[in-house]
A.B. asks: 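Below are the structure tokens for one structure; questions will follow.
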Amino acid sequence: RDEVKLLGEALGEGVHAVIEEERDPRNLLQAFAIVPRILRDCPPECVSNETLDCMFESLTSYFPITFTPPKDDKYGITGEDLKLALSAALAATPR
């Protein structure tokens with residue numbers, strides 16, 4: 001935790017940069033999963049209110065998710081997986 005706290009706002013800004021304009025469903029699942037973790041497990045100073053607002057704007061740009069995996073999909077990611085992960089990310093903080 002102390003190491004994470006040393007990152008300060010750079011942590012939130014970095015996570016926001018990962019989310020913004022990502023299109024690969026594998027990366028999106030990971031990015032959506034990171035959001036609740038940093039908001040729950042990291043000190044509030046790691047995600048400023050301004051970064052949180054930007055993160056929210058980036059997350060809402062994925063709504064509604066209309067993903068349909070290709071016929072030769074080898075990863076098994078579904079639209080429902082992405083929808084659940086996005087919902088969890090959007091509901092991650094009362095801030």
Side-chain angles (χ1 to χ4, degrees):
R1 259 191 178 241
D2 290 335
E3 293 85 5
V4 170
K5 194 172 184 176
L6 289 174
L7 290 172
E9 290 184 13
L11 177 62
E13 292 166 359
V15 170
H16 173 249
V18 167
I19 295 168
E20 195 169 41
E21 298 185 27
E22 179 59 59
R23 293 292 174 236
D24 186 314
R26 296 168 295 171
N27 295 338
L28 284 172
L29 274 180
Q30 294 300 314
F32 293 163
I34 289 169
V35 172
R37 291 187 67 194
I38 67 162
L39 293 173
R40 178 189 64 231
D41 299 340
C42 298
E45 56 267 19
C46 289
V47 182
S48 70
N49 286 334
E50 181 181 345
T51 299
L52 186 61
D53 288 345
C54 291
M55 203 179 292
F56 180 78
E57 289 297 319
S58 292
L59 288 169
T60 58
S61 73
Y62 293 102
F63 184 83
I65 290 180
T66 58
F67 176 74
T68 303
K71 291 188 189 310
D72 62 345
D73 178 52
K74 55 186 167 216
Y75 301 108
I77 297 170
T78 67
E80 190 64 22
D81 294 333
L82 290 167
K83 289 174 187 177
L84 291 171
L86 177 60
S87 292
L90 287 169
T93 182
R95 289 181 18 195

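The analysis underlying the following values was restricted to heavy atoms, covering all of them including side chains, and did not include hydrogens, waters or symmetry mates. Sequential numbering from 1 along the given sequence is applied to the chain's residues.
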A.B. asks: side-chain hydrogen bond (donor to acceptor under 3.5 Å, both in side chains), that's the test. Do Thr51 and Ser48 meet it? Break it down for me.
C.D. replies: CA-CA 5 Å; Thr51 299; Ser48 70; 3.0 Å; yes
A.B. asks: Go through the structure and list residues passing salt bridge (Lys or Arg N to Asp or Glu O under 4.0 Å) with Glu9, not counting sequence neighbours.
C.D. replies: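 Result, salt bridge (Lys or Arg N to Asp or Glu O under 4.0 Å) vs Glu9: none returned.
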A.B. asks: Just by distance, do the side chain of His16 and the backbone of Cys54 share a donor-acceptor pair under 3.5 Å?
C.D. replies: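 At least one qualifying donor-acceptor pair exists.
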A.B. asks: So which pairs with a foot in residues 68-95 pass ring pair (Phe, Tyr, Trp, His ring centres under 6.0 Å), sequence neighbours left out?
C.D. replies: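 Pairs touching residues 68-95 that pass the test: none.
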A.B. asks: If you define the side chain from C-beta out and look only at heavy atoms, does anything of Ile19 sit under 4.5 Å from Tyr62?
C.D. replies: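 The answer is yes; the side chains approach within 4.5 Å.
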A.B. asks: If hydrophobic clusters are built by linking Ile, Leu, Val, Met, Phe, Trp and Tyr wherever their side-chain heavy atoms come under 4.5 Å apart, do Val4 and Leu39 end up in the same one?
C.D. replies: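 Same hydrophobic cluster.
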A.B. asks: For Phe56, which residues count as a ring-ring contact (aromatic ring centres under 6.0 Å, His included) partner, sequence neighbours excluded?
C.D. replies: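 Testing Phe56 for ring-ring contact (aromatic ring centres under 6.0 Å, His included), a comparison that skips the adjacent residues, returns none.
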A.B. asks: Test of understanding: with salt bridge (Lys or Arg N to Asp or Glu O under 4.0 Å), list the residues that count as partners of Arg23, not counting sequence neighbours.
C.D. replies: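 Expected list: none.
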A.B. asks: Please tell me whether Val18 and Leu7 are part of a single hydrophobic cluster in this structure, the criterion being side-chain heavy atoms less than 4.5 Å apart.
C.D. replies: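 No, Val18 does not connect to Leu7 through the hydrophobic network.
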A.B. asks: Which residues pass the salt bridge (Lys or Arg N to Asp or Glu O under 4.0 Å) test with Asp53, not counting sequence neighbours?
C.D. replies: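 Partners of Asp53 under the salt bridge (Lys or Arg N to Asp or Glu O under 4.0 Å) test: none.
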A.B. asks: Do Phe32 and Leu90 make a side-chain contact, defined as non-hydrogen atoms from C-beta onward lying under 4.5 Å apart?
C.D. replies: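 Not in contact.
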A.B. asks: Check side-chain hydrogen bond (donor to acceptor under 3.5 Å, both in side chains) between Glu22 and all other residues, then give those that pass, not counting sequence neighbours.
C.D. replies: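 Asn27.
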A.B. asks: Quick one: do Phe63 and Val35 end up in the same hydrophobic cluster if we chain Ile, Leu, Val, Met, Phe, Trp and Tyr together by side-chain heavy atoms under 4.5 Å apart?
C.D. replies: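 As far as the 4.5 Å side-chain criterion goes, Val35 and Phe63 are connected within one cluster.
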A.B. asks: Okay, side chain of Asp81, backbone of Thr78: is any donor-acceptor separation there less than 3.5 Å?
C.D. replies: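 Side chain of Asp81 to backbone of Thr78, a donor-acceptor pair under 3.5 Å: yes, one is there.
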